[in-house]
Participant: 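I'd like to ask you about the structure that follows.
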Amino acid sequence: MRCLKEEFFKKLAKKVALELLGQYLIRECHGFKVVVRIVEVEAYLGAKDKASHAYGGRRTKRNNAMYQRGGVFYVYKIYGLYHCLNVVTGINNSPQAVLIRAVEPIEGIERLRKNRATKTDKNLTNGPGKLTQAMEINSSFNSQSVENKELYFSRGEKIKINQIIKAPRINIDYAEECKDLLLRFYLKGNKFISAK
DNA sequence: TGTCCGATTGGT
DNA sequence: CCAATCGGACAG
């Protein structure tokens with residue numbers, strides 16, 4: 001098992017985002033193990049990025065994890081209903097992160113089905129709020145290191161650059177000129193890409 | 001203290 | 001298209 005160390009994340013968010021595609025995310029606990037493959041991500045760049053929670057250097061209770069070192073999770077609740085999973089990148093006090101938007105089940109799909117009532121398996125993990133629900137990821141992982149026994153990454157196959165689609169990020173209409181930046185990355189033709 | 005709203009989702 | 005649903009951001 002080649003577990004990704006914190007070191008992997010101490011780079012610019014855009015670079016980490018591209019490199020995370022194709023890597024595995026593993027959720028393990030007493031009694032179960034779920035392995036998924038990352039197929040869609042978004043990079044959030046920091047103080048100058050109007051789409052980011054840290055725009056303008058805002059530091060609040062919610063986004064505090066973004067100001068920690070690269071290699072910790074940033075998990076927040078949205079719409080009072082769902083959780084979004086991010087990994088902080090870069091160095092301390094450089095609030096960048098990568099949002100995990102969609103994943104493909106590899107192992108332990110029964111557990112995912114148990115956690116989300118859906119008609120199709122595609123609908124288990126093809127969105128940021130869906131995958132956290134299916135994988136039992138909540139705020140308890142906020143600020144936790146990626147070198148963690150219950151939620152961590154491991155090496156997947158290398159992805160060829162021509163298999164990666166670059167697109168504008170989703171649901172950030174408020175971000176003015178930043179909304180058109182091509183910071184959403186996903187695997188071409190993958191079945192588990194989020195809607196839109 | 002009070003009001004407003006979202007890096008989403010599911011159901012019309 | 002719109003409601004669900006609530007912690008937290010922010011104004012006063």
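Letters A, B, ... mirror the listed sequences (proteins, then strands); counts begin at 1.
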Participant: Have a look at Tyr152(A) and tell me which of Lys5(A), Arg27(A), Glu147(A), Glu28(A) forms a side-chain hydrogen bond (donor to acceptor under 3.5 Å, both in side chains) with it.
Facilitator: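 Going through Lys5(A), Arg27(A), Glu147(A), Glu28(A) one by one, the side-chain hydrogen bond (donor to acceptor under 3.5 Å, both in side chains) with Tyr152(A) is satisfied by Glu28(A) alone.
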Participant: Are the side chains of Val39(A) and Ile193(A) in touch, meaning some heavy atoms are under 4.5 Å apart?
Facilitator: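 A side-chain contact under 4.5 Å exists here.
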Participant: Determine the contact category for Leu99(A): base if any of its heavy atoms lies under 4.0 Å from a base atom, sugar-phosphate if only primed atoms, P, OP1 or OP2 are that close, otherwise nothing.
Facilitator: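 Since a base atom lies under 4.0 Å of Leu99(A), the category is base.
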Participant: Verify whether one side chain among Asn115(A) and Glu136(A) offers a donor that lies under 3.5 Å from an acceptor in the other.
Facilitator: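 Short answer, yes.
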Participant: Which of these nucleotides, dT5(C), dA9(C), dA7(B), is closest to any side-chain atom of Arg62(A)?
Facilitator: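 Ranking dT5(C), dA9(C), dA7(B) by closest atom to the Arg62(A) side chain puts dA9(C) first.
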Participant: Starting from P on dC5(B), measure out to CZ on Arg58(A) and report it in whole angstrom.
Facilitator: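 Result: 15 Å.
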Participant: Can you see whether Arg101(A) engages Ser194(A) through a side-chain donor-acceptor pair at a distance of less than 3.5 angstrom?
Facilitator: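 Distance-only check passes for Arg101(A) and Ser194(A).
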Participant: Paired with dT5(C) by Watson-Crick or G-U wobble geometry, both distances under 3.5 Å: which nucleotide is it?
Facilitator: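 Base-paired to nothing in any strand shown.
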Participant: How are the rings of Phe73(A) and Phe141(A) set to each other: parallel, tilted or perpendicular (split at 30° and 60°)?
Facilitator: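 Phe73(A) vs Phe141(A) ring planes: perpendicular.
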Participant: Please state how far atom CG in Asn64(A) lies from atom P in dG8(C), giving the value in whole angstrom units.
Facilitator: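 In whole Å, dG8(C) P and Asn64(A) CG are 12 Å from each other.
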Participant: Rounded to whole angstrom units, what separation is found between the OH atom of Tyr79(A) and the P atom of dC4(B)?
Facilitator: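 Nearest whole value for this atom pair: 17 Å.
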Participant: Tell me the partner of dA7(B), counting only Watson-Crick (N1-N3 plus N6-O4 or O6-N4) or G-U wobble (N1-O2 and O6-N3) with both under 3.5 Å; none if nothing fits.
Facilitator: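 Looking at the geometry, dA7(B) pairs with no nucleotide.
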Participant: Rounded to the Å, how far apart are Glu42(A) CD and dT8(B) P?
Facilitator: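 After rounding, the reported distance stands at 7 Å.
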Participant: For dA7(B) and Arg184(A) - does any side-chain N or O of the residue sit under 4.0 Å from the phosphate oxygens OP1/OP2?
Facilitator: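 Checking dA7(B) against Arg184(A), no side-chain N or O comes under 4.0 Å of OP1 or OP2.
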Participant: For dA7(B), is there a stacking contact with Tyr76(A), counting only centres under 5.5 Å and planes under 30°?
Facilitator: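 Taking the rule of under 5.5 Å and under 30°, the ring of Tyr76(A) does not stack on dA7(B).
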Participant: Here's a test for you: under salt bridge (charged side-chain N to carboxylate O under 4.0 Å, His left out), which of Arg169(A), Lys166(A), Arg184(A) qualifies with Glu40(A)?
Facilitator: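 Result for salt bridge (charged side-chain N to carboxylate O under 4.0 Å, His left out) with Glu40(A): Arg184(A).
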Participant: Asn123(A) has an atom CG; how far is it from atom P of dT9(B), in whole Å?
Facilitator: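 Rounded to whole Å, this separation is 9 Å.
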Participant: Across the strands shown, which category fits Arg169(A) at heavy-atom distances under 4.0 angstrom: base, sugar-phosphate, nothing?
Facilitator: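 The answer is nothing, as Arg169(A) stays clear of every strand by at least 4.0 Å.
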Participant: Can you measure Leu124(A) atom CG to dG10(B) atom P for me and round it to whole angstrom units?
Facilitator: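 Whole-Å distance recorded here is 10 Å.
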Participant: Categorize Arg59(A) for me: base, sugar-phosphate, or nothing, with a 4.0 angstrom heavy-atom threshold over every strand shown.
Facilitator: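 It contacts nothing in the nucleic acid.
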Participant: Looking for any heavy atom pair under 4.0 Å, which part of the strands does Ile172(A) touch: base, sugar-phosphate only, or nothing?
Facilitator: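 The answer is sugar-phosphate, as Ile172(A) gets under 4.0 Å only of primed atoms, P, OP1 or OP2.
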Participant: Using a cut-off of less than 4.0 Å, is there contact between a side-chain N or O of Asn171(A) and OP1 or OP2 of dT8(B)?
Facilitator: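 Yes, because at least one side-chain N or O of Asn171(A) sits under 4.0 Å from OP1 or OP2 of dT8(B).
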Participant: dA9(C) phosphate, OP1 or OP2: any side-chain N/O from Thr60(A) under 4.0 angstrom?
Facilitator: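 Answer is yes, contact under 4.0 Å.
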Participant: Output yes when at least one side-chain N/O atom of Arg116(A) is less than 4.0 Å from OP1 or OP2 of dG10(B), else no.
Facilitator: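 True: Arg116(A) side-chain N/O within range (under 4.0 Å) of dG10(B) OP1/OP2.
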Participant: Nearest whole angstrom, please: distance from the P of dG8(C) to the NZ of Lys61(A).
Facilitator: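 These atoms are roughly 5 Å apart.
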Participant: Over how many whole Å does the gap from Lys122(A) atom NZ to dT9(B) atom P extend?
Facilitator: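 Distance check: Lys122(A) NZ to dT9(B) P gives 13 Å.
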Participant: Using the six-membered base ring of dT8(B), report whether Tyr82(A) stacks on it, requiring centroids under 5.5 Å and planes under 30° apart.
Facilitator: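 No, Tyr82(A) does not stack on the base of dT8(B), since the centre distance and plane angle fail the 5.5 Å and 30° test.
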Participant: Using the P atom on both, measure dT5(C) against dG2(B) and round to a whole Å.
Facilitator: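 After rounding to an integer number of Å, I get 23 Å for this pair.
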Participant: With heavy atoms under 4.0 Å as the rule, sort Gly80(A) into base, sugar-phosphate or nothing.
Facilitator: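 The answer is base, as Gly80(A) lies within the cut-off (heavy atoms under 4.0 Å) of a base atom.
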Participant: Is the shortest side-chain N/O distance from Lys77(A) to OP1 or OP2 of dG6(B) below 4.0 Å?
Facilitator: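 Result: no.
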